[in-house]
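These figures come from a predicted structure and were not determined experimentally. What's counted below: heavy atoms across the whole structure, side chains too, no hydrogens, waters or symmetry copies. By convention in this document, chain letters (A, B, ...) are assigned in the order of the sequence lines, proteins followed by strands, and residues within each chain are numbered from 1.
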Amino acid sequence: MTAVTDRASLKHRLAEKGVDRVLWLLVPGAVFVVLLFVYPFLYGLQLSFQPKGGGSPFQNYVTFFQDEYLAETVWITLRLGLPAALFNVLASIPIAFRMRGRFRGKRALTTLLVVPITLGTVLTAEGLLAFFGPTGWFNRIWMALGADEPAKLTHNYWGVLFSLIITGFPFAFLLTLSYLSGIDPTLEQAAATLGASRRQRFRTITMPLLAPGLAVTFCLSFVLAFSVFPSAVMVGNPAGETHVMSIAAYETALRDNDFAMGSAIAMLMALVMLIVIGVVLVWRTTLYRGATGGKG
Amino acid sequence: MTGQRFAELHLDHVRRAFGDTVALQGMDLTIKGGEFVALLGPSGCGKSTALNCLAGLLPLTGGRITLDGKRIDDLPPEKRGFGMVFQNYALFPHMSVRRNIGFGLSMRKTAKAELNRRVDEAVRLVQLEEHQHKFPAQLSGGQQQRVAIARAIVLEPPLVLMDEPLSNLDAALRLEMRTEIRRLHQSLGLTTVYVTHDQEEALALADRLVVLRLGEVQQVGSPEEVYAHPVNRYVAGFMGYRNMIPVSVSAQDDDQATVRTEDGIELVGVKREELSDKAVAAVRPEDFTVVSEAGDNTLEATVEIVEYHGREQAVEARLKNGEQLHVRTNSRLAPGDTIRLKVPTERVLVFT
C-alpha cells in the first residue's frame with residue numbers, strides 16, 4: 001500500500017493560491033499592455049535622455065524649461081485642464097443628484113447628456129465654430145441684444161475650454177451618477193428623521209460619501225482635458241494662447257523632426273498629470289472610503 | 001430619559017396611492033401617548049407605507065395626521081422630530097458609533113457637554129460601551145441594530161417608528177432584541193409604532209395591534225382580543241388559525257352556528273360574522289385533541305406526515321374528502337393512522 005501523504009497535490013495547492021488555468025485568460029491582455037504601453041513608454045523615456053545635439057542626458061529637459069515658449073505650455077495646459085475638469089465635476093453633481101431615483105424620461109435625458117461622447121472632438125469643434133463664431137447664432141443674438149462688437153469666443157482660450165467641457169462632461173456625469181446611485185437613499189431619510197435639513201443632509205451625509213468618487217472623477221476628467229489636442233488646434237489659437245503641451249510635443253517631434261525632444265515633452269506631460277493626480281489621491285486617502293450602503 | 005409625551009396622535013382617513021395602486025386606503029387610527037402599537041400584515045399590506053407616511057418620508061395622497069389637534073402631515077420629516085429605526089438600520093457608514101448616535105443632537109446644535117452626556121447615556125442604555133468608537137462596518141448585526149435604536153431614542157422623540165427592525169437578524173438574536181425593545185419601551189415609556197409581518201413578534205411586543213390587509217385596517221385591538229377573537233377569516237388565518245374547513249351552515253343563532261363539513265360531520269362553533277349557507281370553520285392546530293371515540297365536534301382524518309417538534313408533534317392529516325388538516329398534539333402518531341380529532345365549541349370560529 002502506498003503511503004497516504006497529508007499534503008494535497010501540487011495542482012490543488014496552486015489553485016488555492018489562485019494559480020490555475022484561468023490565469024491564461026490574462027495573457028492576451030498582458031501582451032497588449034507590454035507591447036502597446038510599457039514598451040513604447042520605456043522607449044520614449046530612454047529616447048528623451050538622448051538629445052539630438054548630444055550633451056548631457058538631461059539636456060532636453062533643461063532646454064524645455066529654458067525656452068520660455070515651451071515652458072509656458074505647462075501653465076497653458078493646466079489653465080485649460082484644471083478649470084475644465086473642475087467645472088465638469090461640479091456641474092455633474094446637481095444634475096446627477098436630481099437624476100438618481102427613477103422618473104419618466106430618465107433614459108431620454110441621460111442619452112441627451114451622454115451624446116457628446118459619440119460626436120467626437122472634431123464635430124464638436126466645427127459646431128462651436130459655427131455657433132460661437134463672429135457670424136454664428138450666439139453672436140447674432142448677442143449683437144441683437146445691443147452689444148457693440150461680436151464676442152470673441154473661438155480661436156482662443158474660451159473656444160477650447162467650451163470644447164473640453166462639452167466633450168468631458170458626459171464622462172464626469174456618468175461617473176458621478178454611478179457613485180451617487182451607490183449611496184443608499186435610506187441614509188438621507190434617516191438623517192431627515194433625525195432633524196437634518198436638506199442642506200445639512202447634503203453636507204453631512206451625501207458629500208462625505210460622494211467625495212472619494214468625485215476625486216476619481218476629477219482625476220479622469222483632468223487627464224482627458226489635459227491631453228487636449230484637436231480642439232486646441234481647431235477652436236483655439238495653437239501658436240499662442242492655446243499652445244498646449246501635446247501640440248508642443250507634436251510639433252517638435254514631427255515638424256522639427258526632434259523625436260528625443262518630443263519624447264521629453266511627452267514625459268513632462270505625463271509627469272504633470274501624475275503630480276496633479278497624486279495630490280488629489282493623497283487628499284482622497286484622508287476621506288472615508290468604505291461601503292456607502294446602509295448596513296455599513 | 002423620558003420622551004416628550006403627547007396625548008393623542010390621530011390618523012384621519014390617511015390615504016396613499018402610487019400611481020393607480022392604492023397602498024393605503026383611508027386608514028383611521030388613534031395612538032395614545034406611551035402606547036406600543038404594532039402594524040401587522042404580510043408584505044404589500046400597506047404597513048410600511050403607513051409608517052413612512054407617519055415619518056413624513058412619503059407625502060399623503062389624502063387624509064390628515066394630527067398630533068394633539070395640530071396638523072403635522074404637511075411637515076417634512078426633519079420638522080416632525082419622530083425617531084425612526086430602519087429595516088436595514090441606515091447607519092451612517094462614515095461615522096463612528098458615537099457620532100451616529102449623536103447625529104440628531106448635533107443637527108439640533110446641542111451644546112457639546114450636553115451632547116456627550118446624552119450620547120454616553122444612550123450608549124450605556126444599549127450596552128455598546130466597548131464599541132462606541134468603532135464604525136458600523138465593524139459591528140455585528142445585533143450591535144448595528146442597537147446603534148440604530150440608540151440613535152433614534154437619544155433625541156427622546158415623542159414617537160418612535162420601527163420598520164421591521166428585527167427581520168435581518170438570526171432567530172436567537174431576534175428573540176433577544178425583542179426583549180430588549182420591550183425593556184426599553186417599559187423603562188422609557190416612548191410611544192412606539194412598530195411594523196412587522198411576524199404575528200408572534202407583534203403579540204409579544206405590542207399593547208395594541210393593527211392588522212392590515214391590502215391597505216385596509218382589518219382589526220384593531222389588544223393582543224388578547226386579536227388572538228382570541230379575530231373579526232374575520234383573514235385575521236384568523238394570520239393569528240394561527242391554520243385550518244379553514246369549508247362547511248355549509250345548517251343553523252345559527254346570535255352566538256353559535258351549527259355547520260356541516262363536506263364529510264357530513266356536524267360541528268358547533270362560535271359565530272363571528274353574519275352567515276349565509278357557505279362558511280369556513282377556523283381551528284388552530286393546537287386546539288384539536290386526539291380522542292378514541294366518535295362524539296360531538298369530532299372529525300375523522302388520516303395521518304399523512306408527522307414532524308417531531310420535541311414536546312409535541314406537528315401532524316398533517318387529511319379528511320375523507322381530501323381537505324388537509326394541521327394538528328399539533330402530544331399523542332404519538334404514525335403516518336397511515338386513522339385518528340379522531342375533537343375540538344371544543346368555543347375553539348371553532350365560523351366565518352363567511
Select one option (side chain, backbone, both, neither) describing which atoms of A:Ile205 are under 4.5 Å from chain B's heavy atoms.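 Looking at A:Ile205, backbone and side chain both touch chain B.
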
Quick check on A:Arg198 against chain B: is it the side chain, the backbone, both or neither that has a heavy atom closer than 4.5 Å?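 Contact with chain B: backbone only.
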
Counting only heavy atoms not in [X] (residues, nucleotides, ligands), do more than 12 fall under 6.0 Å from its [atom1]?
X: A:Phe103; atom1: CZ; answer: yes
X: A:Phe131; atom1: CZ; answer: yes
X: B:Glu130; atom1: CD; answer: no
X: A:Lys106; atom1: NZ; answer: yes

Can you tell me which portion of B:Arg80 sits under 4.5 Å from chain A's heavy atoms? Options are side chain, backbone, both or neither.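 Contact with chain A: none, neither part.
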
Please look at B:Phe82 and chain A and tell me whether the side chain, the backbone, both or neither of the residue comes under 4.5 angstrom of a heavy atom of that chain.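 When you check distances to chain A, only backbone atoms of B:Phe82 fall under 4.5 Å.
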
Looking only at heavy atoms, which two atoms of [X] and [Y] are closest? And how far apart?
X: A:Gly195; Y: B:Arg108; answer: CA-NH1, 4.0 Å
X: B:Met107; Y: A:Ala196; answer: SD-CB, 3.7 Å
X: B:Ala55; Y: A:Thr193; answer: CB-CG2, 4.5 Å

Side chain B:His94, main chain A:Leu287, donor-acceptor under 3.5 Å: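 Checked: no pair found.
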
Full working for side-chain contact (heavy atoms from CB on, under 4.5 Å) between A:Thr204 and B:Phe92: CA-CA 10 Å; A:Thr204 57; B:Phe92 307 132; over 6 Å; no

Can you tell me how far CG of B:Asn88 sits from CG of A:Asp184, rounded to the nearest 0.5 angstrom?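 The distance works out to 5.0 Å.
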
Taking the side chain as every heavy atom from C-beta outward, state whether B:Met84 and A:Gln189 have any pair of such atoms under 4.5 Å apart.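 Side chain of B:Met84 against side chain of A:Gln189, heavy atoms only: no contact under 4.5 Å found.
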
With side chains defined as the heavy atoms from C-beta onward, is the minimum distance between A:Leu194 and B:Arg151 less than 4.5 Å?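 With C-beta onward as the side chain, the pair touches.
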
With a 4.5 Å cut-off on heavy-atom pairs, point out which of A:Gln200, A:Glu188, A:Arg201 contacts chain B the most.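 Looking at each of A:Gln200, A:Glu188, A:Arg201 in turn, A:Gln200 comes out on top.
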
